[in-house]
Amino acid sequence: MSSQSVHSPLEQVRDLCILRLSALGDVCNLVPSVRALQTAQPELKITWIIGRAEYSLLEGLEGVDFLVYDKKTGLAGMAALRKKLLAQRNGQPFDVLLHMQAALRASLLSRFIPARRRIGFDAERAKDFQNWFVHEQLAANPRQHVGEGFLDFVRHLGVQPGPLQWGIPLPQTAVDEARRWQPEDQAYLVLSPCSSNRARNWRNWSNQGYAALVDYAYENYGLQTLLTGGPTELEQETAKTIAELAKAPVINATGQTSLKALLCLIRDARLVVAPDSGPIHMAVAMQTPPLGLYATSNPDRTGPWLGREFVANRYPEAVKHFLDRDVNQVGWGQRVRDPAALDLITQEDVQQRLDAIMNSKEKLA
């Protein structure tokens with residue numbers, strides 16, 4: 001990556017704190033910003049305040065001290081975190097706080113973090129009044145991918161990022177755990193069919209569509225499908241239904257792997273199939289082609305950072321059909337709040353993207 005100039009603001013920064021609690025995909029997209037800062041200033045001390053699940057994904061990241069905040073602990077947890085920070089630092093504030101989560105809970109937590117400089121998003125990206133909680137705001141940079149938005153913090157400190165780097169560590173225990181689920185002597189794809197279940201935030205494709213894709217991948221490319229996901233009832237039932245509908249053999253590891261083991265499974269897979277959710281971004285971090293399914297959210301903003309050519313993208317059609325507008329006439333983060341939007345993604349769309357991946361390199365460049 002490109003080096004710092006002698007006059008760069010980062011050269012006067014001894015330590016900084018990153019505040020980004022969630023979600024899994026977002027913290028994956030933030031790692032290249034950490035690597036860019038470390039490349040520019042190898043002696044920089046970085047502390048990252050992060051959520052519990054997100055920490056289990058990134059634990060061991062070289063050169064980063066993590067502090068976990070559990071949102072269930074509320075204000076008491078925020079006060080306890082401040083007390084811990086002050087004790088660790090002998091009462092000294094951080095040189096810089098990078099407030100990289102524009103959400104009210106995170107902004108409240110930011111006031112418990114001692115820092116001389118507090119940097120947040122520009123006006124357009126500073127949701128939930130984040131601008132009230134910072135001293136400096138980024139230069140406006142509209143219509144960027146989420147990962148590029150994080151790199152804007154790096155640029156604000158005078159660093160011009162180079163090629164994207166992740167290097168998320170995978171301990172041997174995770175490798176061994178993953179091996180128990182991997183098919184022997186057969187290429188496989190990882191299918192993570194469910195996104196997080198939020199009110200009026202529909203992202204999941206049909207079980208019938210997924211099952212047909214399982215059969216298509218097996219019949220045309222000899223790919224076995226490994227189903228993954230969390231332990232929720234929705235994810236368990238979805239995986240069970242897909243396995244029952246598919247004619248091809250399926251390995252169902254849903255709710256039975258750690259996040260580190262899932263990273264290993266993704267690393268060794270031929271591709272990952274998922275809606276707008278964490279595994280798509282985990283795939284990019286592992287350089288595995290991401291077949292994302294997007295209709296209700298904009299893949300140019302929240303899709304895979306690399307390999308976006310492999311996305312089955314019906315977002316422009318959904319905006320036109322359900323909002324009666326062109327995609328360039330709606331806000332960059334505009335969602336289509338109608339479950340019928342997912343029906344715009346056809347079986348042919350997904351099969352064509354699978355074909356494109358199978359005719360491409362095995363790893364992302």
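Atom set for the values below is all heavy atoms of this structure, side chains included, hydrogens, waters and symmetry mates excluded.
Defined by atom type and a distance below 3.5 Å, a donor-acceptor pair is present between the side-chain atoms of Gln144 and Asn141. Judged purely by distance below 3.5 Å, without hydrogens or angles, the side chains of Arg89 and Gln92 never pair a donor atom with an acceptor atom. For the 3.5 Å distance criterion, the side chains of Ser56 and Lys260 fail to qualify, holding no donor opposite an acceptor. For the 3.5 Å distance criterion, the side chains of Thr173 and Asp176 fail to qualify, holding no donor opposite an acceptor.
Val27 places a side-chain heavy atom less than 4.5 Å from the side chain of Ile50. Looking at heavy atoms from C-beta onward, Ile46 lies out of side-chain contact with Phe94 at the 4.5 angstrom threshold. Residues Leu24 and His281 are not in side-chain contact: their nearest non-hydrogen atoms beyond the backbone lie 4.5 Å or more apart. Side-chain contact between Leu291 and Ile357: present, with at least one pair of heavy atoms (C-beta onward) separated by less than 4.5 Å. Side chains of Leu189 and Val272 form no contact here, defined as non-hydrogen atoms less than 4.5 Å apart. Counting only heavy atoms from C-beta outward, the side chains of Met286 and Leu263 approach each other to under 4.5 Å. A 4.5 Å side-chain heavy-atom check between His99 and Glu136 finds every atom pair outside the cut-off. Contact annotation: the side chain of Pro32 approaches that of Trp166 to within less than 4.5 Å [non-hydrogen atoms, C-beta and beyond].
Put simply, the residue from Leu151, Val159, Leu164 that forms a side-chain contact (heavy atoms from CB on, under 4.5 Å) with Ser33 is Leu151. Each of Leu19, Leu58, Leu98 was compared with Trp48 under the side-chain contact (heavy atoms from CB on, under 4.5 Å) criterion, and only Leu58 meets it.
The nearest pair of heavy atoms linking Ala40 to Leu10 is CB-CD2, 4.0 Å. Nearest heavy-atom pair, Pro161 versus Ala36, reported as atom, atom and distance to 0.1 Å: CB-CB, 4.3 Å. The shortest non-hydrogen separation linking Leu265 to Val190 is O-CG2, 3.9 Å.
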| request: Walk me through it: do Asp276 and Ser195 pass the test side-chain hydrogen bond (donor to acceptor under 3.5 Å, both in side chains)? | output: CA-CA 6 Å; Asp276 183 4; Ser195 66; over 6 Å; no
| task | Might you work through the salt bridge (charged side-chain N to carboxylate O under 4.0 Å, His left out) test for Arg143 and Asp300, ending with a clear yes or no? | result | CA-CA 8 Å; Arg143 296 185 176 263; Asp300 287 335; over 6 Å; no
| request: Evaluate the criterion side-chain hydrogen bond (donor to acceptor under 3.5 Å, both in side chains) for residue pair Asn204 and Tyr210; output intermediate values, then yes/no. | output: CA-CA 10 Å; Asn204 299 338; Tyr210 282 129; 5.4 Å; no
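At most 12 heavy atoms of other shown residues, nucleotides or ligands fall within 6.0 angstrom of atom CZ in Arg105. At most 12 heavy atoms of other shown residues, nucleotides or ligands fall within 6.0 angstrom of atom CD in Glu362. Other residues, nucleotides and ligands contribute over 12 non-hydrogen atoms within 6.0 Å of the CD atom of Glu244.
The structure places NZ of Lys247 at 7.5 Å from CD of Glu219, a figure rounded to the nearest 0.5 Å. With rounding to the nearest 0.5 angstrom, the CG atom of Leu157 is 10.5 Å from the CD atom of Gln12.
Cluster annotation: Leu364 and Leu170 are assigned to the same hydrophobic cluster (Ile/Leu/Val/Met/Phe/Trp/Tyr, side-chain heavy-atom contacts under 4.5 Å, transitive).
The cationic group of Arg270 does not satisfy the cation-pi geometry with Tyr188, failing either the under 6.0 Å distance to the six-membered ring centre or the 45° limit from the ring axis.
Contacts of Glu148 classified as salt bridge (charged side-chain N to carboxylate O under 4.0 Å, His left out), with partners at least two apart in sequence or in another chain: Arg155. Applying the side chain to side chain contact (heavy atoms under 4.5 Å, CB included) rule to Thr232 yields the partners Leu234, Glu235; only residues at least two apart in sequence or on another chain are considered. Residues satisfying the ring-ring contact (aromatic ring centres under 6.0 Å, His included) test with Tyr55, not counting sequence neighbours, are Phe66.
Ring pair Phe150/Phe121 is tilted by interplanar angle, where 30° to 60° counts as tilted.
Note on Arg314 versus Glu317: salt bridge recorded, some NZ/NE/NH1/NH2 to OD/OE distance being below 4.0 Å. Here Asp65 does not pair with Lys45 in a salt bridge; the nearest charged N to carboxylate O distance is not below 4.0 Å. With respect to Asp152 and Arg125, a salt bridge is recorded, a charged nitrogen being found less than 4.0 Å from a carboxylate O.
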